[in-house]
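I have placed the structure first, in the form of structure tokens, so that the comments after it can refer back to it.
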Amino acid sequence: MGEPVLLVIAHGSRDPRHAATVHALVRRVRSRRPGLRVETGFLDFNVPSVHGVLESLAARGVRDVVALPLLLTRAFHAKADIPAVLRDAPPQLRIRQAEVLGPSPLLLAALERRLYEAGLTPADKSSTGVVLASAGSSDPEAIAVIAQVAREWRHTGWCAVRPAFASASLPRTEDAVRELRELGCARVAVAPYVLAPGFLPDRIARGAAGADVLAEVLGPAPEVARLLLERYDAARTPMLSAVGA
């Protein structure tokens, strides 16, 4: 029996940069594990849809699928939208939903990669305050996770780390930038805790106008590609054990 197909489930966006970034990340995943079949489906705005990909896989005789939410927190999409789409899949498919990507040390490594690419160096950490800028959520669990990530990241040597949100929650990016200035950090950097460009990441960028450094979105960072495969492997193992039992 072959490996389950990896179906990466992205949110989708009217912004063409979103899908382009998702596809770039999926290409990096494929390059890390040649031979693994990796498909991409979108919940909204872009094609192919998740349902369309599942129908196509079933028609081609695929039986086992790991559905991986391209999400950083367990909020509404991971808890409701995606399970609902998967329940509507062709009945011959055995589908296991993988865990969302965050939190993970690999994401912190990717965030630091983006900050260094934007001009910081490891020697700057102790004098630099960082805004961990996420899209935001109305889900308290997701907000608590972002706050915890900021606390853990602070312990790796930064002057300070503050969470910020582009929607649904406070503070906004510009408010966190101002707070870090008032704390006395020599420089302030904004690290978007988002996977792909779009409306909310653009809002984060506008809020970073008063910062010294604005990093790029996580996108197809090598650490993110590695994390996708870690989540896939964790989901596929019990699936294969059950099939072989």
Side-chain angles (χ1 to χ4, degrees), residues 1-102 104 106-107 110 135 142 194-196 198 217-244:
M1 180 190 139
E3 290 187 305
V5 170
L6 168 55
L7 171 58
V8 176
I9 300 179
H11 182 275
S13 170
R14 292 186 179 89
D15 189 322
R17 297 173 299 167
H18 175 90
T21 302
V22 170
H23 291 310
L25 174 58
V26 168
R27 286 195 297 272
R28 177 153 259 166
V29 171
R30 290 189 183 114
S31 72
R32 290 185 68 93
R33 191 168 297 181
L36 173 63
R37 183 169 181 180
V38 186
E39 302 287 346
T40 307
F42 295 91
L43 290 173
D44 207 353
F45 301 118
N46 302 104
V47 292
S49 68
V50 175
H51 183 74
V53 174
L54 292 171
E55 292 276 359
S56 177
L57 290 173
R60 295 181 183 184
V62 169
R63 290 298 172 263
D64 295 301
V65 176
V66 169
L68 196 158
L70 200 59
L71 300 168
L72 297 176
T73 58
R74 265 184 54 78
F76 182 77
H77 293 304
K79 294 177 179 178
D81 281 358
I82 291 175
V85 172
L86 298 181
R87 283 194 297 270
D88 195 35
Q92 63 266 45
L93 291 176
R94 290 183 291 256
I95 303 174
R96 189 173 185 89
Q97 182 175 330
E99 290 297 324
V100 297
L101 298 181
S104 167
L106 284 170
L107 290 174
V194 293
L195 287 163
V217 299
L218 294 169
E223 296 85 358
V224 179
R226 178 180 162 193
L227 181 55
L228 261 69
L229 289 170
E230 284 192 4
R231 294 290 188 256
Y232 167 79
D233 288 335
R236 72 187 278 270
T237 301
M239 173 185 283
L240 294 179
S241 298
V243 171

* Evaluation steps, side chain to side chain contact (heavy atoms under 4.5 Å, CB included), between Arg32 and Arg226 -> CA-CA 8 Å; Arg32 290 185 68 93; Arg226 178 180 162 193; 3.7 Å; yes
* To do: Take Glu39 and Leu6, measure what side chain to side chain contact (heavy atoms under 4.5 Å, CB included) needs, and give me the verdict at the end.
  => CA-CA 6 Å; Glu39 302 287 346; Leu6 168 55; over 6 Å; no
* Test side chain to side chain contact (heavy atoms under 4.5 Å, CB included) on Val62 and Arg37 and set out the steps. => CA-CA 11 Å; Val62 169; Arg37 183 169 181 180; 3.7 Å; yes
* Verdict with reasoning, Ile9 to Val53, per side chain to side chain contact (heavy atoms under 4.5 Å, CB included) -> CA-CA 10 Å; Ile9 300 179; Val53 174; over 6 Å; no
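For the side chain to side chain contact (heavy atoms under 4.5 Å, CB included) criterion with Pro69, the lone passing option out of Asp81, Val100, Val8 is Val100. Of the residues Ile95, Val65, Leu93, Asp64, the one that meets the side chain to side chain contact (heavy atoms under 4.5 Å, CB included) test with Pro4 is Asp64. With Leu70 as the fixed residue, the side chain to side chain contact (heavy atoms under 4.5 Å, CB included) test singles out one of Leu228, Thr40, Val224, Val26: Leu228.
Here the CD atom belonging to Glu99 is positioned 11.5 Å from the CG atom belonging to Leu227, to the nearest 0.5 angstrom. Here OG of Ser104 is found 6.0 Å from CD of Glu230. Values are rounded to the nearest 0.5 Å. The structure places CG of Leu106 at 10.0 Å from CG of Leu101, a figure rounded to the nearest 0.5 Å. Remark: Gln97 CD to Leu7 CG distance equals 10.5 Å, nearest 0.5 Å. Taken from CZ in Arg87 to CD1 in Ile82, the straight-line distance is 12.0 Å, to the nearest 0.5 Å. With rounding to the nearest 0.5 angstrom, the CG atom of Leu68 is 13.0 Å from the CZ atom of Arg236.
Taking each heavy atom of Leu54 and Ala89 in turn, the nearest pair found is CD1-CB, 3.7 Å. In plain terms, the two heavy atoms of Gly219 and Leu25 that are nearest each other are O-CD1, 3.9 Å. A pairwise comparison of heavy atoms in Ala142 and Thr73 identifies CB-OG1, 3.6 Å as the closest pair.
With hydrogens and angles disregarded, no donor-acceptor distance shorter than 3.5 Å links the side chain of Tyr232 to the backbone of Ala67. The backbone N or O of Ala225 sits nowhere less than 3.5 Å from a side-chain atom of Arg28 that would complete a donor-acceptor pair. In this structure, the side chain of Arg231 does not engage the main chain of Ala98 through any donor-acceptor pair within 3.5 Å. Judged by distance alone, with hydrogens and angles left aside, the side-chain atoms of Asn46 form a donor-acceptor pair with the main-chain N or O of Ser13 at under 3.5 Å. Side chain of His18 to backbone of Gly12: a donor-acceptor contact under 3.5 angstrom is found. Remark: the backbone N or O of Val38 is paired with a side-chain donor or acceptor of Arg30 at under 3.5 angstrom.
Ring orientation note: the planes of Phe42 and His23 are nearly perpendicular, at an angle over 60° on the 30°/60° scale.
Within a 6.0 Å radius of CZ in Arg17, more than 12 heavy atoms belonging to other residues, nucleotides or ligands are found.
Between Arg33 and Asp233, at least one side-chain nitrogen of the basic residue sits less than 4.0 Å from a carboxylate oxygen of the acidic one, meeting the salt-bridge criterion.
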